[in-house]
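For reference, the structure discussed in these notes is given below.
Letters go in sequence order (proteins before strands), and every chain restarts at 1.
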Number of protein chains: 2
Amino acid sequence: MSATLRQVAERAGVSVRTVSNVVSGFALVAPETRSRVQAAIDELRYRPNAAARHLRGGRSGLIALAVPEIASPYFSELAGLLAEEAGRRSLLLSIQQTGGDAKVERTLIDGVPGQTVDAVILSPWALSPAEITHRASDVPVVLLGEQDAGGLFDHVAVDNVAAARETTRHLIERGHRRIAAVGLQPHLGNGTATRRLEGYRQALAEAGLTADPTLEIPVARLHRTDGADAFTALRGRADAAFCFSDQLALGLMSAALRHGLTVPGDLAVAGFDDVEDGRYGNPPLTTVAPDKEAIARAALDCLEDRPAGAPARRVVAGHRLVVRAST
Amino acid sequence: MSATLRQVAERAGVSVRTVSNVVSGFALVAPETRSRVQAAIDELRYRPNAAARHLRGGRSGLIALAVPEIASPYFSELAGLLAEEAGRRSLLLSIQQTGGDAKVERTLIDGVPGQTVDAVILSPWALSPAEITHRASDVPVVLLGEQDAGGLFDHVAVDNVAAARETTRHLIERGHRRIAAVGLQPHLGNGTATRRLEGYRQALAEAGLTADPTLEIPVARLHRTDGADAFTALRGRADAAFCFSDQLALGLMSAALRHGLTVPGDLAVAGFDDVEDGRYGNPPLTTVAPDKEAIARAALDCLEDRPAGAPARRVVAGHRLVVRAST
DNA sequence: TTGAAAGCGCTAACAT
DNA sequence: ATGTTAGCGCTTTCAA
């Protein structure tokens, strides 16, 4: 066990109050006293006890990030940015994996069991905002990737409809007519896929193309293997594919190449997320790049000086279409 | 603020002791009393204050994972496994990114500033164990990927020498003679690259091949772009490349393909880590697959009942060579 | 500028 | 089976 404030005080021949002042650096302390206290601190290798501070101060400096799975490139890139931004604000980021399980998600909006977290940043998957009517705690929550949190929670997301519209339009401009949308997730409460589908359909309509429901491909998850499955489901019926994640796009593209197709010659492929794999893909992947730094910053901004009872904030982060060799 | 134990006790007409017993579930409580207390807990939406528990109990249930960067696939996959395993043990995992900075690494072996963590799991990069002669705190530390922690810290790693030897031998068996080793990091304290180089040289020697220093390529970092740079440095001089990470291998492979070479025809490529990108690469990547689950489990095992003053543990996790189409 | 002391919410030793 | 209470280490109000 490390030394306590009291021990340092005795050693320096002052009161705990003075030591506390020196440690926190706030109140005025006579230079001579300060150096004596500092000496005692060094000798005793004093380190403030965070638990006591937290009990006293009510804040823990810990925030929880809850994502379906951290190993997924989009989430790990976002987590890296969030961790960095948190560090800048003297906050520590913890990670929780929901596995896309509704029960876990529901638990986590009340905080992390057995921990005091100052806030929860949740990327919901199974749960729709409508399914969260009340909660047991009042920990501030920020929802990631949601466009509408029912007024209950702060949320930050890119404009999924617009991004999908732009991407689909790009495919149309490239001369494609049978464009598939890959990545519907009708079984999930999470509205992201729905919004991207909406943008896709809008672009088709604007171009006077009729949507073909058989080109709208649902997936079980957003992994590469699901992209490969989508290729099978699609076989030959499309000349372009707009995938709702880069992982799907990469999986689909690799399946296409394995089957002897050329990309983008026989099949143009676009993704969503702009993860590193896509940038170095073969060919490099056209994708929607959400402004992840902005998302990370906005999520943490939502947690600063959260006025109790204030209306939920809604932040729309930027995005841009990055055209690469796959289209 | 949530209700306190005392408030619950008053509400139920019992003492705090009894409520505490009900909450923790340990001591015996009369069924009738228990249900009355439970009712009060529910009505008041009581949730135990973790900070108070931690102050009292001395343990925080928080452990820190410190890696160079969480967005790197190997680390994010490992983090996912660690988070899962931690959850199984009612522990919460926090993440810290060192950026491979020696100063940050040195700070973190004393715990996370401003937080009480029960332990630190550090994947050192810049720091060699020899550079850590003393520390300010006594937080348990587990080093990841180190084969030798100077007797000071627990550490878990795969047998890098053996793994590198097997991989190189595999390349030799495939008929390659001019085999490059890509990924030396002479500027880093971290001994991983050194050990892999050692295994590589051993395999060459065993096969009666003389090592060619110009085929041993140093890199700045372990990203894809460094692999691409290595391809340039290597141009034409090798018929196979053993890369010390999958990211390097993927980058090198993609550069080779871009330059019109075939893989493995003109250049065979092997990696290390077995990250998901490699499995779905084009072609899929031959690689060393460390037993990441075992690493995660072992790291947390090291933290359970850590007897003070016990000698540092050394765990060697398993690995296997996964041969795919790139060789 | 510094000291004394209350109290954050909880657990557990001691008592009944 | 349950009540009483000290004290974990810190911050901060009140006094001096």
For [N], does OP1 or OP2 lie under 4.0 Å from any side-chain N or O of [X]?
X       : N     : value
B/Thr18 : D/dT2 : no
B/Thr33 : D/dT2 : yes
B/Thr4  : C/dG9 : no

Return the value, rounded to whole Å, for the distance between atom [atom1] of [X] and atom [atom2] of [N].
X       : N      : atom1 : atom2 : value
B/Arg47 : C/dC10 : CZ    : P     : 12 Å
B/Glu10 : D/dG3  : CD    : C1'   : 14 Å
A/Asn21 : D/dT13 : CG    : P     : 12 Å
B/His54 : D/dC10 : NE2   : P     : 17 Å
A/Arg6  : D/dC10 : CZ    : P     : 10 Å
A/Leu5  : C/dT2  : CG    : P     : 15 Å

So which nucleotide from [options] ends up closest to the side chain of [X]?
X       : options               : result
B/Ser15 : D/dG9, D/dT12, D/dT4  : D/dT4
B/Leu55 : D/dG3, C/dC10, D/dC8  : D/dC8
A/Asn49 : C/dC14, C/dG3, D/dC10 : D/dC10
B/Val16 : C/dG9, D/dT4, C/dA5   : D/dT4
B/Arg17 : C/dT1, C/dC10, D/dT2  : D/dT2

For the CZ atom on A/Arg89, are there more than 12 heavy atoms of other groups (residues, nucleotides or ligands in this structure) within a distance under 6.0 Å?
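Enclosed.
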Could you go through the side-chain hydrogen bond (donor to acceptor under 3.5 Å, both in side chains) check for B/Ser35 and B/Gln38 one step at a time?
CA-CA 5 Å; B/Ser35 63; B/Gln38 191 57 55; over 6 Å; no
Suppose we call a contact any N or O donor and acceptor under 3.5 Å apart; does that hold for the side chain of A/Arg34 and the base of C/dT1?
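Result: no qualifying N/O pair found.
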Polar side-chain atom of B/His155 near backbone of B/Leu143 as donor-acceptor pair, under 3.5 Å
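Not confirmed, B/His155 side chain does not pair with B/Leu143 backbone.
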